[in-house]
Trainee: 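Below is a structure I'd like to ask you about.
Below, chain A is the first sequence line, B the second, and so on; all start at residue 1. Just so you know, these numbers use all the heavy atoms, side chains as well, and skip hydrogens, waters and symmetry mates.
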Amino acid sequence: MSTAKRNRIRYTIVFAVLIAMVFVLLVLNINTGNVNISPGRILQILFTGQGEQNELNIIFKIRLPRLIMAGMLGGALALAGFLLQTFFANPIAGPFVLGISSGAKMVVALVMIYFLDKVGKVSSFALVLAAFVGAMMSTLFILLISHFLPNMSGLLVAGIMIGYICSAVTEFLITFAEDADIVNLHGWSQGSFSGMDFGDVASAGIIVGIAFLLTFFLSKPIGAFQMGENYARSMGVNVKSFRICLILLSSLLAACVTAYAGPISFVGIAVPFLMKRCLNTAKPIVVIPAAFLGGAVFCMLSDLIARTAFAPTELNISTVTSLFGAPIVIYMLIQRKAKNAQ
Amino acid sequence: MNQNNENYVNLKNLYVGYNGKAVIKDINIDIQKGEIVTLIGPNGAGKSTILKSIIRQLPIVDGTVVIEKKGLNDYSYKSLSQTMAVVLTERIRPELMTCRDVVAMGRYPYTGRLGMLDPEDEEKVVEAMRSVHALEIADKDFNATSDGQKQRVLLARALCQEPALLILDEPTSFLDIKYKLELLSILRSMAKDKDITVIMSLHEIDLAMKISDRMILVKGDHIFKEGQPEEIMNEELIRELYGIDNGFFDPLFGSLELPAATGEADILVISDSGRGIPIYRRLQKEQQAFIAGILYRNDLDYRAARLLAREVIAEEPFRDIGDQAFNRAMEAVSKCSEVICAGVTIGDSNRRMEEVLKAADQAGKLREVDAGGIVGLNSWQLPD
């Protein structure tokens with residue numbers, strides 16, 4: 001049983017490192033920006049809630065909600081990616097490449113423009129709902145195509161095309177929408193964690209929290225599904241309803257991220273891959289929490305860089321995630337190719 | 001064959017196929033507990049379609065499948081998975097899974113909400129791996145193992161599911177002969193020791209005949225024949241099943257021979273006790289027609305010569321060689337341009353062979369070849 005022991009040690013180390021990174025990034029993220037606040041002071045303010053009004057505002061109104069959102073939504077993206085990879089039995093599936101994020105973005109933009117025009121305000125739940133509808137639309141379309149093109153490249157091309165179409169429609173809408181909030185909308189449609197408040201944190205937290213728990217409790221059938229649909233069925237998985245669960249959950253997670261922060265690329269593919277390598281297993285029961293933490297770390301770090309690298313100019317979050325994520329995905333593809341050639 | 005003549009699986013008026021269209025019609029078969037049943041038939045005959053319908057991968061077009069007196073569709077996902085396990089033809093490439101992980105997957109129907117294994121489950125995983133001799137590769141990456149190892153691991157996974165009924169779809173494809181025999185002998189002992197009922201499809205008729213209690217021959221859109229291999233299998237049937245008219249199958253030995261060379265026979269081969277067979281095969285490959293004789297009908301060489309020689313000069317077992325056979329042999333000696341003797345033991349009853357050999361020698365046609373089985377053959381050259 002020494003292998004089991006070795007695995008357990010490995011898992012413990014990976015989780016310890018991830019949690020430590022979350023804390024380091026927490027402090028680092030609050031610490032850096034136009035106004036620097038020292039780590040000691042941060043801890044003091046966080047734990048006592050006392051401090052100068054200016055500092056309190058920066059921490060509680062701007063940096064902390066943004067930070068928590070980056071972590072939570074990053075985790076959600078990684079989970080959505082992992083679920084889609086399970087569904088399509090394809091490591092390169094993810095909400096962004098399959099056009100699911102773009103579909104969500106399109107419907108959100110539609111709803112936003114309509115509501116801002118008529119009502120002047122949109123609730124965040126309405127936006128999540130709109131994003132969910134958009135995500136489901138893209139997903140169903142992908143499912144339809146994957147029926148005719150059941151291979152990896154067919155799926156990808158279809159997803160990328162859907163992504164382009166949806167983005168084109170969104171750009172069109174934004175170009176012709178006449179509102180002062182367009183600047184805001186434009187920033188959002190490129191992906192950004194800026195402008196989050198604690199209300200967003202609470203509503204996103206509920207959705208992501210529930211989706212995470214449901215995903216975690218699916219880890220047993222996900223494990224069986226990794227051996228292929230037919231083996232899963234023979235072991236007692238109700239494949240049909242399981243697939244519906246996967247699609248609903250991954251769409252919900254991707255929709256939630258898109259509604260709050262816009263489309264964010266590569267997290268969904270790169271993070272689950274990295275976590276599986278680090279853990280040296282694909283067992284869902286460890287990969288799911290690890291991917292969530294990994295996604296959180298990845299996005300918190302990316303947001304830190306987006307915020308500070310060219311301050312005061314802020315980068316799109318996808319600019320940073322692509323810069324780190326794309327090379328990981330390329331490495332993954334090459335490594336897969338080499339393995340298959342063995 | 002079986003002590004308890006209780007039907008375990010019944011296929012009643014079963015129609016199976018795709019999209020509601022039957023590919024194979026009106027299947028009626030009763031299978032007893034602990035039996036090994038093999039589906040045999042040409043490629044694309046629908047063996048897999050039948051198996052896929054039994055494991056509920058395909059919806060049944062019409063009719064019923066009853067397992068343990070309960071209709072297939074009355075089983076819940078869980079109870080069916082505790083009754084039946086499968087080894088499929090599809091090749092799987094699970095990511096980052098050791099062989100042990102793959103086998104442990106078989107405990108799925110018995111573990112809790114999160115699929116954690118308890119010590120008893122762990123013990124069963126080890127037990128299953130031991131029974132297929134896969135314990136030494138337990139911690140190896142599944143994708144890095146050989147085809148034979150993969151197949152054994154998948155079998156162990158199925159055993160871990162503790163099924164009463166095991167379905168295997170062409171478990172021997174991709175395997176070399178050593179692993180084929182190993183896998184089938186594991187199945188054989190499993191069926192007997194644990195009283196597991198096995199239904200599988202196989203490519204190899206010869207192996208199927210040796211392992212099966214019952215064979216089901218599938219051809220066209222129906223079951224062509226069904227029964228104990230010893231009863232139903234003969235050359236005629238196999239040729240009909242596969243639509244072969246240019247190859248021959250000896251069901252007694254399970255050996256497949258290419259058709260005999262045609263044309264005028266110019267060589268006489270004299271042998272006994274199997275010593276002639278390598279020479280027959282060699283001549284067959286060169287498409288040289290030959291006559292074999294004089295062979296007793298209970299000789300090994302006789303069975304092969306029947307399929308490979310243009311003509312067989314034969315005599316009833318344990319009799320003295322009669323005039324008819326003797327004269328025919330003498331004729332052959334004078335007609336043929338070469339007489340190959342692969343060795344023949346002369347005794348009281350076949351004393352007349354000496355005369356045949358002497359005649360060949362005097363005519364300068366005799367060539368003695370020390371086949372000694374297949375050993376001496378390398379140095380042996382065919383006549384031009």
Side-chain angles (χ1 to χ4, degrees), chain A residues 1-7 10 82 85-86 89-91 152 213-242 272-273 275-289 332 335-336 338-342, chain B residues 51-52 54-58 75-117 119 122 126 138-144 154 157-158 160-161 163 165-167 169:
Chain A
M1 282 292 108
S2 72
T3 349
K5 209 172 196 177
R6 230 179 302 141
N7 285 341
R10 193 178 186 128
F82 179 70
Q85 286 146 25
T86 306
N90 185 337
M152 183 155 150
L213 282 180
L214 291 175
T215 306
F216 187 72
F217 278 103
L218 276 184
S219 40
K220 189 181 167 187
I222 290 175
F225 211 72
Q226 285 170 338
M227 300 219 5
E229 180 187 330
N230 291 324
Y231 274 113
R233 186 183 292 106
S234 83
M235 289 185 268
V237 178
N238 182 343
V239 171
K240 218 182 221 170
S241 56
F242 172 71
F273 168 76
M275 289 304 119
K276 284 183 223 166
R277 293 304 118 162
C278 291
L279 294 163
N280 194 29
T281 183
K283 277 188 194 123
I285 200 155
V286 279
V287 173
I288 287 170
M332 174 178 100
Q335 202 211 25
R336 241 177 92 80
K339 240 187 201 163
N340 282 348
Q342 268 173 15
Chain B
L51 294 180
K52 280 177 190 167
I54 297 176
I55 66 171
R56 264 204 329 213
Q57 190 181 322
L58 274 180
Y75 277 89
S76 69
Y77 286 95
K78 191 172 176 176
S79 65
L80 187 65
S81 65
Q82 289 173 340
T83 306
M84 178 163 73
V86 302
V87 176
L88 304 167
T89 26
E90 62 187 48
R91 308 186 85 166
I92 58 163
R93 286 191 68 86
E95 207 185 352
L96 295 172
M97 277 175 105
T98 62
C99 294
R100 187 196 303 275
D101 292 338
V102 171
V103 175
M105 226 18 123
R107 295 306 298 161
Y108 190 96
Y110 304 97
T111 54
R113 192 87 201 74
L114 289 176
M116 306 298 264
L117 301 181
E122 303 271 11
V126 170
D139 294 317
K140 243 179 128 176
D141 182 355
F142 180 79
N143 293 337
L154 287 173
R157 190 211 63 80
C160 234
Q161 227 171 303
L165 174 61
L166 186 61
I167 310 278
D169 194 358

Trainee: Using a cut-off of under 4.5 Å for heavy-atom pairs, which of B:E95, B:K78, B:M84 has the most such pairs with chain A?
Mentor: B:E95
Trainee: To the nearest 0.5 Å, how far apart are CD in B:Q82 and OH in B:Y110?
Mentor: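 Rounded to the nearest 0.5 Å, the CD-OH separation comes out at 4.5 Å.
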Trainee: State the CD1-CZ distance between A:I285 and A:F217, to the nearest 0.5 angstrom.
Mentor: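 One finds 9.0 Å between CD1 of A:I285 and CZ of A:F217.
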Trainee: Which atoms of A:S219 are under 4.5 Å from chain B, going by heavy atoms: the side chain, the backbone, both sets, or neither?
Mentor: side chain
Trainee: For B:M105, which atoms come within 4.5 Å of any heavy atom of chain A: side chain, backbone, both, or neither?
Mentor: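 Interface part for B:M105: both.
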Trainee: List the residues meeting side-chain hydrogen bond (donor to acceptor under 3.5 Å, both in side chains) with B:Y75, not counting sequence neighbours, and say none if there are none.
Mentor: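 Testing B:Y75 for side-chain hydrogen bond (donor to acceptor under 3.5 Å, both in side chains), a comparison that skips the adjacent residues, returns none.
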Trainee: Taking the side chain as every heavy atom from C-beta outward, state whether A:R277 and A:Q335 have any pair of such atoms under 4.5 Å apart.
Mentor: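 Side-chain contact under 4.5 Å: yes.
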Trainee: Given a strict heavy-atom distance threshold of 4.5 Å, which part of A:P221 is in contact with chain B: side chain, backbone, both, or neither?
Mentor: both
Trainee: Can you tell me which portion of B:R157 sits under 4.5 Å from chain A's heavy atoms? Options are side chain, backbone, both or neither.
Mentor: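 Looking at B:R157, just its side chain touches chain A.
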Trainee: Counting heavy-atom pairs closer than 4.5 Å to chain A, which one of B:L88, B:V102, B:V86 comes out on top?
Mentor: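 So the answer, after comparing B:L88, B:V102, B:V86, is B:L88.
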Trainee: Say whether, by atom type as modelled, one donor and one acceptor occur between the side chain of A:K276 and the main chain of A:V287 under 3.5 angstrom.
Mentor: no
Trainee: Under 4.5 Å from any heavy atom of chain A, what part of B:D101 do you find: side chain, backbone, both or neither?
Mentor: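 Just the side chain, heavy atoms under 4.5 Å.
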Trainee: Going by heavy atoms in the side chains, are B:Q161 and B:L166 under 4.5 Å from each other?
Mentor: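 A side-chain contact is absent here, since even the closest heavy-atom pair is not under 4.5 Å.
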Trainee: Please list all pairs passing the side chain to side chain donor-acceptor pair (under 3.5 Å) test where one or both residues lie in residues 233-242 of chain A, with sequence neighbours left out.
Mentor: A:E229-A:R233, A:N230-A:R233, A:N238-A:S241, A:N238-B:Y77
Trainee: Could you report the tightest heavy-atom contact between B:A158 and B:P163, atom names first, then the distance?
Mentor: O-CD, 3.4 Å
Trainee: Sort out for me which of B:T111, B:I55, B:L80 touches chain A most, counting heavy-atom pairs under 4.5 Å.
Mentor: B:T111
Trainee: For B:L114, which atoms come within 4.5 Å of any heavy atom of chain A: side chain, backbone, both, or neither?
Mentor: both
Trainee: Contact part of B:I167 toward chain A, heavy-atom cut-off under 4.5 Å: side chain, backbone, both or neither?
Mentor: neither
Trainee: Below 4.5 Å from any heavy atom of chain A, which atoms of B:S76 appear? Answer side chain, backbone, both or neither.
Mentor: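 Contact with chain A involves no heavy atom of B:S76 at all.
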